[in-house]
Amino acid sequence: QVQLVESGGGSVQAGGSLRLSCAASGDTASTGCMGWFRQAPGKERERVATIYSTDGGTSYTSSVKGRFTISQDNAKTTLYLQMNSLKPEDAAMYSCAAGRVKYIPPLFSRTCEDKYWGQGTQVTVSS
C-alpha cells in the first residue's frame, strides 16, 4: 500500500504561481510513476502531468504545457507540481496518484496505473 498526501493548494490571482506537493509513504518501491490530476465542478477528472521514476520522463496535458512542471525529489517520495501563469480555468481540486507503469497496445504507449490516490488539494484562481 502507498499513502499519498497533497498540500500547497490555495487561492491565487490569475498570472500567479503555486507549488503543489504530494508526500508518498508506504511501499513506494512498488510504484514506477506518479501523476497529478484535477477535477473542476461539473467536469471530468483530467490527467494534468505524469512522471516516470525510471527515467524521469514526463508528459503533460496540452493546456498546461510550458506553464506547469512536474518533478520528484531524489528519494522519489515527494512529488511536486510547479504551476506558473495560472489561469481561472486551472481552478480545480488537484490530486496525486501513483502506480506501476503500463504499456497500452497496439503502440504500447506508456501510461501510469494510478492505483493509489491522495485526498486532493484545492486550487482557486481569481481573474
Side-chain angles (χ1 to χ4, degrees):
Q1 291 290 323
V2 175
Q3 294 77 44
L4 302 172
V5 180
E6 302 95 335
S7 61
S11 297
V12 65
Q13 288 191 328
S17 298
L18 281 175
R19 189 193 197 200
L20 305 184
S21 298
C22 171
S25 60
D27 189 17
T28 56
S30 69
T31 63
C33 49
M34 297 185 73
W36 286 99
F37 290 76
R38 66 185 180 187
Q39 186 168 22
K43 295 188 177 181
E44 292 187 358
R45 186 170 62 196
E46 174 186 32
R47 181 188 294 272
V48 176
T50 303
I51 188 165
Y52 297 92
S53 302
T54 51
D55 60 4
T58 59
S59 64
Y60 299 89
T61 190
S62 58
S63 62
V64 309
K65 283 182 180 177
R67 300 188 298 122
F68 290 13
T69 303
I70 189 171
S71 63
Q72 281 181 306
D73 67 344
N74 290 336
K76 307 291 191 294
T77 56
T78 305
L79 179 72
Y80 302 101
L81 185 68
Q82 178 66 44
M83 305 188 294
N84 298 328
S85 302
L86 282 161
K87 304 176 181 180
E89 52 264 41
D90 293 319
M93 178 70 74
Y94 283 71
S95 301
C96 63
R100 291 182 289 189
V101 180
K102 297 192 303 183
Y103 295 91
I104 309 299
L107 299 179
F108 294 95
S109 55
R110 184 166 64 168
T111 188
C112 196
E113 179 190 31
D114 308 322
K115 180 176 181 180
Y116 305 103
W117 290 86
Q119 294 297 312
T121 185
Q122 184 70 43
V123 171
T124 303
V125 183
S126 58
S127 57

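What you are looking at is a predicted structure, and each value in this text was computed from that prediction instead of being measured. Computation of the quantities below employed the complete heavy-atom set of this structure, encompassing side-chain atoms and omitting hydrogens, waters and symmetry-equivalent molecules.
- Under the 4.5 Å side-chain contact rule for hydrophobic residues, Phe68 and Met93 do not share a cluster.
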Given Gln72 and Tyr80, is the side chain to side chain contact (heavy atoms under 4.5 Å, CB included) satisfied, shown in steps? CA-CA 6 Å; Gln72 281 181 306; Tyr80 302 101; 5.9 Å; no

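- Partner Tyr94 forms a side chain to side chain contact (heavy atoms under 4.5 Å, CB included) with one of Met83, Gln122, Glu6 and no other, that one being Met83.
- Counting heavy atoms from C-beta on, the side chains of Ser17 and Gln82 come closer than 4.5 Å.
- Contact annotation: the side chain of Lys115 never approaches that of Thr31 to less than 4.5 Å [non-hydrogen atoms, C-beta and beyond].
- At least one side-chain heavy atom of Asp55 sits under 4.5 Å from a side-chain heavy atom of Arg110.
- What you find for Ala14 and Ser127 is that their closest heavy atoms are CB-CA, 4.2 Å.
- Residues Ala49 and Leu81 approach most closely at CB-CD1, 4.3 Å, considering heavy atoms.
- A 6.0 Å sphere centred on CD of Gln39 holds more than 12 heavy atoms belonging to other residues, nucleotides or ligands.
- Classification of Asp114 and Arg45 as a salt-bridged pair fails, no side-chain N sitting under 4.0 Å from a carboxylate O.
- Taking CE of Met34 as the start and CD1 of Ile70 as the end, the distance is 8.0 Å to the nearest 0.5 Å.
- For the atom pair CG (Leu86) and CZ (Arg67), the distance works out to 6.5 Å, reported to the nearest 0.5 Å.
- Taking the side chain as every heavy atom from C-beta outward, Leu20 and Thr121 approach each other to under 4.5 Å.
- Taking all atoms of both residues into account, the shortest heavy-atom contact from Val123 to Val125 is CG1-CG2, 4.1 Å.
- Aromatic ring centroids of Phe37 and Trp117 lie under 6.0 Å apart.
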May I have the step-by-step check of side chain to side chain contact (heavy atoms under 4.5 Å, CB included) for Leu79 and Leu4, ending in yes or no? CA-CA 10 Å; Leu79 179 72; Leu4 302 172; over 6 Å; no

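- Under the 4.5 Å side-chain heavy-atom criterion for ILVMFWY residues, no single connected hydrophobic cluster contains both Val101 and Val48.
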Run Thr28 and Lys76 through side chain to side chain contact (heavy atoms under 4.5 Å, CB included) and show every step you take. CA-CA 8 Å; Thr28 56; Lys76 307 291 191 294; over 6 Å; no

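- Using a 4.5 Å cut-off on side-chain heavy atoms (C-beta onward), Val2 and Ser30 make contact.
- Counting heavy atoms from C-beta outward, Ser63 and Lys87 have side chains that stay 4.5 Å or more apart.
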Checking Arg47 against Cys112 for the side chain to side chain contact (heavy atoms under 4.5 Å, CB included) test, could you report, in this order, the C-alpha distance in whole Å, the side-chain angles of both residues, the deciding distance, and whether it holds? CA-CA 10 Å; Arg47 181 188 294 272; Cys112 196; 3.9 Å; yes

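- Considering every non-hydrogen atom in both Ile51 and Ser71, the closest pair reads CD1-CA, 3.9 Å.
- Going from atom CD of Gln119 over to atom SG of Cys22 covers 11.0 Å, rounded to the nearest 0.5 Å.
- Using a 4.5 Å cut-off between side-chain heavy atoms of Ile, Leu, Val, Met, Phe, Trp and Tyr, with links allowed through other members, Tyr52 and Ile104 fall into different hydrophobic clusters.
- Listed here is the closest heavy atom pair of Ala92 and Ala40: CB-N, 3.8 Å.
- In this structure, CZ on Arg38 lies 15.5 Å from SG on Cys96, to the nearest 0.5 angstrom.
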